Amino acid sequence: KRIGRLNSYFRGSPQGGVSDEITLTAYITIALLETPLPVTHSVVRNALFCLETAANEKDNHVYTKALMAYAFALAGKEEKRKALLGSLEKEAVQKDGSLHWQRPGREPAADLPYYRFRAPSAEVEMTAYVLLAHLATQPAPSQQELSSAALIAKWISGQQNPSGGFSSTQVSRFPPGTSR
């Protein structure tokens with residue numbers, strides 16, 4: 001009975017609109033690695049094996065790829081991180097000197113005068129995870145990754161509401177100072 005409630009809690013945690021096992025595994029793996037649990041811990045090792053297998057699939061959702069890229073960055077799995085970031089780059093939206101990701105099939109926002117469109121929280125969140133995947137690389141991000149990160153941070157900072165917050169509660173996870 002208790003497990004069912006815990007499972008419901010986790011299933012509702014990610015905002016990306018994806019509720020499959022791979023997305024949930026990536027989300028929990030990130031939490032474990034941020035704890036920090038070592039990559040050698042059996043739970044983390046098994047989760048990473050699951051994610052490595054899933055990363056080879058062609059039909060992963062953009063949100064899932066963003067989570068996996070960040071999980072692999074935290075785990076020091078550079079090849080997988082770079083492969084996912086390369087795939088995500090092909091799906092990126094470049095607009096007004098910034099870079100972001102959106103859910104597949106979403107209608108473009110109307111360009112109205114005196115109206116500033118703010119993206120849905122799922123898109124802010126997935127873009128923030130891509131930013132984290134760029135910045136969490138070890139030993140340090142390359143100049144090219146820092147350039148991409150600056151374009152991503154520009155878009156994210158444009159999604160802030162007048163009070164300085166975001167529509168997504170998950171965006172608070174990203175490093176202090178990168179949102180401004």
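Just so we're clear, the structure is a prediction, and the values are computed from it rather than from any experiment.
Residues satisfying the salt bridge (Lys or Arg N to Asp or Glu O under 4.0 Å) test with K77, not counting sequence neighbours, are E52. With sequence neighbours left out, the side-chain hydrogen bond (donor to acceptor under 3.5 Å, both in side chains) criterion links N56 to K80. Remark: E91 engages K65 in a salt bridge (Lys or Arg N to Asp or Glu O under 4.0 Å) (not counting sequence neighbours). For Q94, the side-chain contact (heavy atoms from CB on, under 4.5 Å) partners two or more places apart in sequence, or in a different chain, are L99. For W155, the ring pair (Phe, Tyr, Trp, His ring centres under 6.0 Å) test picks out H100, with sequence neighbours left out. With sequence neighbours excluded, the residues satisfying side-chain contact (heavy atoms from CB on, under 4.5 Å) with N161 are R118, S163.
Between Y27 and Y129 there is a side-chain heavy-atom pair separated by less than 4.5 Å. Side-chain contact between T23 and H61 is absent, with no heavy atoms from C-beta onward closer than 4.5 Å. Counting heavy atoms from C-beta on, the side chains of E89 and S148 never come closer than 4.5 Å.
At distances below 3.5 Å, not a single donor-acceptor pair connects side-chain atoms of T127 with backbone N or O atoms of V124. The closest donor-acceptor contact from the side chain of T64 to the backbone of N60 lies at 3.5 Å or more, if one exists at all. Under a 3.5 Å cut-off, the side chain of E123 and the backbone N or O of R103 do form a donor-acceptor pair.
For the pair T35 and L37, the tightest heavy-atom approach, listed with the atom from each and the gap, is CB-N, 3.9 Å. Taking all atoms of both residues into account, the shortest heavy-atom contact from Y63 to A122 is CD1-O, 4.3 Å. Residues G97 and L151 share a closest heavy-atom pair of O-CD2, 3.1 Å. Minimum interatomic distance between L85 and A69 (heavy atoms only, all atoms of both residues): CD2-CB, 4.2 Å. Of all the heavy atoms in W101 and L88, the pair that sits closest is NE1-O, 2.6 Å. What you find for A54 and M68 is that their closest heavy atoms are CB-SD, 4.3 Å.
Pairs engaging residues 156-167 under the salt bridge (Lys or Arg N to Asp or Glu O under 4.0 Å) rule: none recorded [sequence neighbours left out]. For the salt bridge (Lys or Arg N to Asp or Glu O under 4.0 Å) condition, no pair includes a residue of residues 129-143, sequence neighbours left out.
When I156, I152, L67 are each tested for a side chain to side chain contact (heavy atoms under 4.5 Å, CB included) with V130, only one passes: I152.
In this structure, the separation between CD on Q159 and OG on S121 is 11.0 Å, given to the nearest 0.5 Å. For the atom pair NZ (K95) and CD (Q102), the distance works out to 9.0 Å, reported to the nearest 0.5 Å.
No continuous path of hydrophobic side-chain contacts links V93 to M126 [ILVMFWY only; heavy atoms under 4.5 Å].
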Please set out all donor-acceptor pairs under 3.5 angstrom arising from side-chain atoms of residues 41-51, sequence neighbours excluded.
| from | atom 1 | to | atom 2 | distance (Å) |
| --- | --- | --- | --- | --- |
| H41 | ND1 | V43 | N | 3.1 |
| R45 | NH1 | T40 | O | 2.8 |
| N46 | ND2 | S42 | O | 3.2 |

Under 3.5 Å, which donor-acceptor pairs link side chains of residues 132-142 to any protein atom two or more places apart or in another chain?
| from | atom 1 | to | atom 2 | distance (Å) |
| --- | --- | --- | --- | --- |
| T137 | OG1 | E78 | OE1 | 2.8 |
| T137 | OG1 | E78 | OE2 | 2.9 |
| T137 | OG1 | R81 | NH2 | 3.3 |
| S142 | OG | E145 | N | 3.1 |

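The environment of E57 atom CD is dense: over 12 non-hydrogen atoms of other residues, nucleotides or ligands sit within 6.0 angstrom.
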